[in-house]
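Structure first, then comments.
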Amino acid sequence: MVSLSDGGKTQLPSLSRQFPSSEVNMDLTMCGLLVNRAEELARLYRSKENWNQVKEVWFEERRANRSTRGSSQKIYRVLTSRFKNAPASLPNPRDLPAVFDACATVRDKAQVLYPYLVADDALVRYVVHEYVQRLSRDHPEALDFSNKTLTSLLTQFEYTDGTAYDYADSTTERWCEGFRSVMRDIGVLESQQAVVGNPPSLGTTPLLVAMGYSHEEDGDDWVESPIGLQYLFQPNNRWDELYNRAAETDAWEFVELHGGLKLRPADESYSWIIQEEEDD
């Protein structure tokens with residue numbers, strides 16, 4: 001096995017005081033990853049290539065059921081926000097159907113969708129950074145997602161102007177439930193009752209997305225702090241194993257540069273997605 005990580009404790013920074021109140025919301029109380037619906041929207045976008053047309057089709061298919069109109073509007077807004085605001089470091093939403101087709105399980109699809117949520121939702125990103133810090137420090141019960149632990153982290157959050165997190169207890173409880181639902185979807189929590197989890201295993205497709213995201217975010221230094229792997233709660237002692245797994249695919253390769261080995265995409269970070277589309 002080729003070893004690239006230095007065994008250090010690279011941490012993501014705390015994001016407290018990094019966001020104005022206008023960038024923080026409680027959208028997670030309305031919907032988590034909702035894998036099936038998110039996939040439906042991505043496939044519509046691939047077909048229509050226009051969000052206005054996607055919206056027309058989405059609501060036309062739901063128009064007969066008046067009781068779900070309000071919830072459908074909220075879900076549409078939240079899910080499309082994650083796609084519309086996706087950073088360039090993640091696969092373009094129009095390419096997601098090909099990515100989903102390469103996934104072996106629903107959990108794989110959830111792990112692919114998860115970084116879009118983290119990138120779009122400031123409060124989720126803040127909490128994920130706090131848990132990654134705990135995991136990197138071998139903190140006891142580092143992945144404890146009980147209401148008590150989550151609420152403690154949320155109440156430590158401050159906006160850029162120094163004012164504190166100020167949502168009602170009932171809203172906070174619903175947010176915690178939403179966060180745990182995401183953790184179940186990506187495999188950190190194994191059951192509805194569980195509140196303490198473990199780093200999940202990664203399928204090949206979400207691994208390639210996480211690697212590409214890390215590489216696109218941090219360039220040549222990505223190996224030292226692979227944000228895609230960290231967001232999926234992969235501890236430092238797993239990184240070399242995951243790097244080697246990626247290098248066993250056609251998408252990544254080890255190359256010798258300046259007297260040392262580097263891991264880099266065989267072409268562009270997400271060229272393997274285009275290949276999947278061509279194979280179809």
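It should be emphasised that the depicted structure is a prediction, and the values quoted were computed from it without experimental measurement. Computed from heavy atoms alone, side chains included, the values below leave out hydrogens, waters and symmetry copies.
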Cluster overlap Val195 with Val124, hydrophobic side-chain contacts below 4.5 Å: no
Spacing of Leu207 atom CG and Asp108 atom CG [to the nearest 0.5 Å]: 10.0 Å
Flag, side chain of Gln133 to backbone of Leu12, donor-acceptor distance under 3.5 Å: yes
Gap between atom OG1 of Thr204 and atom CZ of Arg245 - 0.5 Å precision: 5.0 Å
Flag side-chain contact, heavy atom, 4.5 Å: Pro235 against Arg238: yes
Heavy-atom pair of closest approach, residues Ala38 and Leu113: CB-CD1, 3.7 Å
Near-ring test Phe157/Tyr159, centroid separation under 6.0 angstrom: yes
Side chain to side chain donor-acceptor pair (under 3.5 Å) between Asn85 and Ser81, worked out: CA-CA 6 Å; Asn85 296 324; Ser81 174; 3.1 Å; yes
Minimal non-hydrogen separation, Gly178 against Ser181, with atom names: O-OG, 2.6 Å
Tyr76 and Trp58 aromatic ring geometry - parallel, tilted or perpendicular at 30°/60° bounds: tilted
Intermediate values then yes/no, side chain to side chain contact (heavy atoms under 4.5 Å, CB included), Ile75 and Leu34: CA-CA 9 Å; Ile75 289 170; Leu34 296 183; 3.9 Å; yes
Side-chain (Tyr126) to main-chain (Arg17) donor-acceptor, under 3.5 angstrom: no
Nearest non-hydrogen partners of Ser214 and Ile227, listed with the distance: OG-N, 3.3 Å
Flag, side chain of Arg125 to backbone of Val118, donor-acceptor distance under 3.5 Å: yes
Donor-acceptor contact below 3.5 Å, side chain Tyr231 vs main chain Val132: no
Under 3.5 Å donor-acceptor, Gln234 side chain and Pro200 backbone: yes
Val112 with Val78, same ILVMFWY side-chain cluster at under 4.5 Å: no
Aromatic ring pairing Phe83/Tyr116, orientation class (parallel under 30°, perpendicular over 60°, tilted between): perpendicular
Cluster link Ile186 to Val196, ILVMFWY, side chain under 4.5 Å: no
Test log, rule side chain to side chain donor-acceptor pair (under 3.5 Å), inputs Ser152 and Gln156: CA-CA 7 Å; Ser152 173; Gln156 293 172 41; 3.3 Å; yes
Nearest atoms (heavy-atom pairs only) where Asn50 meets Asn52: OD1-N, 2.8 Å
Criterion side chain to side chain contact (heavy atoms under 4.5 Å, CB included) on Ser225 and Gln230, from CA distance to verdict: CA-CA 8 Å; Ser225 184; Gln230 290 174 297; 3.0 Å; yes
Side-chain heavy-atom pair Tyr270, Val99 within 4.5 angstrom cut-off: no
Step-by-step side chain to side chain contact (heavy atoms under 4.5 Å, CB included) determination, Trp272 to Asp250: CA-CA 8 Å; Trp272 59 272; Asp250 294 332; over 6 Å; no
Ion pair check, Arg134 and Asp144, cut-off under 4.0 Å: no
Value rounded to 0.5 Å, distance of OH in Tyr213 from CG in Asp218: 9.0 Å
Validation row, ring centre Phe179 to ring centre Phe145 under 6.0 Å: yes
Within one Ile-Leu-Val-Met-Phe-Trp-Tyr cluster: Met30 and Val24, side-chain cutoff 4.5 Å: no
Gap between atom CD1 of Ile273 and atom CG of Asp101 - 0.5 Å precision: 11.5 Å
Any donor-acceptor N/O pair, Ser271 side chain to Glu268 backbone, under 3.5 Å: yes
Working for side chain to side chain contact (heavy atoms under 4.5 Å, CB included), residues Thr80 and Tyr45: CA-CA 10 Å; Thr80 56; Tyr45 183 61; over 6 Å; no
Trp222 and Trp252 aromatic ring geometry - parallel, tilted or perpendicular at 30°/60° bounds: tilted
Value rounded to 0.5 Å, distance of CG in Leu117 from CG in Leu79: 9.5 Å
CZ-CZ distance between Arg77 and Arg82, expressed to the nearest 0.5 angstrom: 10.0 Å
Flag, side chain of Gln111 to backbone of Ser201, donor-acceptor distance under 3.5 Å: yes
Under 3.5 Å side-chain donor-acceptor pair for Asn92 and Arg46: no
Residues forming a salt bridge (Lys or Arg N to Asp or Glu O under 4.0 Å) with Glu39, sequence neighbours excluded: Arg43, Lys109
